[in-house]
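Chain letters run A, B, ... following the sequence lines, proteins first, then strands; residues in each count from 1. Values below: all heavy atoms of this structure, side chains included; hydrogens, waters and symmetry mates excluded.
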2 protein chains.
Amino acid sequence: MKAKVYVTLKSGVLDPQGKAIQHAVELLGYTGVVDVRQGKYFEIALDDSLDDAGARESAERMAREVLSNPVIEDYRVEIEG
Amino acid sequence: MKAKVYVTLKSGVLDPQGKAIQHAVELLGYTGVVDVRQGKYFEIALDDSLDDAGARESAERMAREVLSNPVIEDYRVEIEG
């Protein structure tokens with residue numbers, strides 16, 4: 001069982017790293033790039049003895065308590081069989 | 001038009017950051033975590049004048065040339081209308 005966790009900055013939070021990437025790609029000649037925001041991505045392999053609901057619960061808890069900072073970040077969890 | 005780019009380490013490449021997270025969650029009492037790998041995630045807002053194919057081409061090129069290191073990383077691009 002595999003869990004995928006996506007952590008992104010909340011919409012109001014400044015993202016200087018994303019802005020730096022946006023500026024860099026503009027300098028490199030890419031056009032039409034309106035905004036870039038960087039987030040984090042985790043692939044978590046979970047014990048196969050867990051069922052779908054158990055895996056989701058465990059991954060959500062990890063995302064909330066360990067992988068994200070709830071003050072400035074949102075997270076999303078996907079479970080793959 | 002929004003592009004989402006996921007950058008992950010190729011499967012043979014060691015991921016010490018992922019291993020550190022795995023070790024940390026084990027110490028925190030989470031059980032059943034077999035493996036953790038960390039990747040990067042980018043949300044790129046593109047000019048609406050681009051059509052679907054143009055947006056994908058532009059995002060793929062950015063992912064290949066700027067956002068990933070093709071020696072050790074793979075990337076995946078998703079386009080949202």
Validation row: B:Glu78, B:Tyr6 side chains within 4.5 angstrom (heavy atoms): yes
Proximal component of A:Tyr30, with respect to chain B [non-hydrogen, under 4.5 Å]: side chain
Top contributor to chain B interface from A:Asp15, A:Ile44, A:Ile21, A:Leu28 [non-hydrogen pairs under 4.5 Å]: A:Ile44
Part of A:Val25 within contact of chain B (heavy atom distance under 4.5 Å): side chain
Atom CG of B:Leu14: over 12 foreign heavy atoms under 6.0 Å: no
Side chain to side chain, A:Val34 and B:Leu46, heavy atoms closer than 4.5 Å: no
Exercise: identify the closest heavy-atom pair between A:Val7 and B:Tyr41: O-CD2, 4.5 Å
Which atoms of A:Ser49 approach chain B - backbone, side chain, both or neither, heavy atom under 4.5 Å: neither
Close side-chain approach of B:Lys40 and B:Glu73, heavy atoms under 4.5 Å: yes
Neighbours of chain B found in residues 51-64 of chain A - heavy atoms under 4.5 Å: A:Ser58, A:Arg61, A:Met62
Best-contacting candidate, A:Met1, A:Lys2, A:Glu43, against chain B by heavy atom pairs under 4.5 angstrom: A:Glu43
Heavy-atom side-chain contact between B:Val77 and B:Lys4 under 4.5 Å: no
Side chain proximity check, B:Glu26 to B:Gln22, heavy atoms < 4.5 angstrom: yes
Under 3.5 Å donor-acceptor, B:Arg37 side chain and B:Lys10 backbone: yes
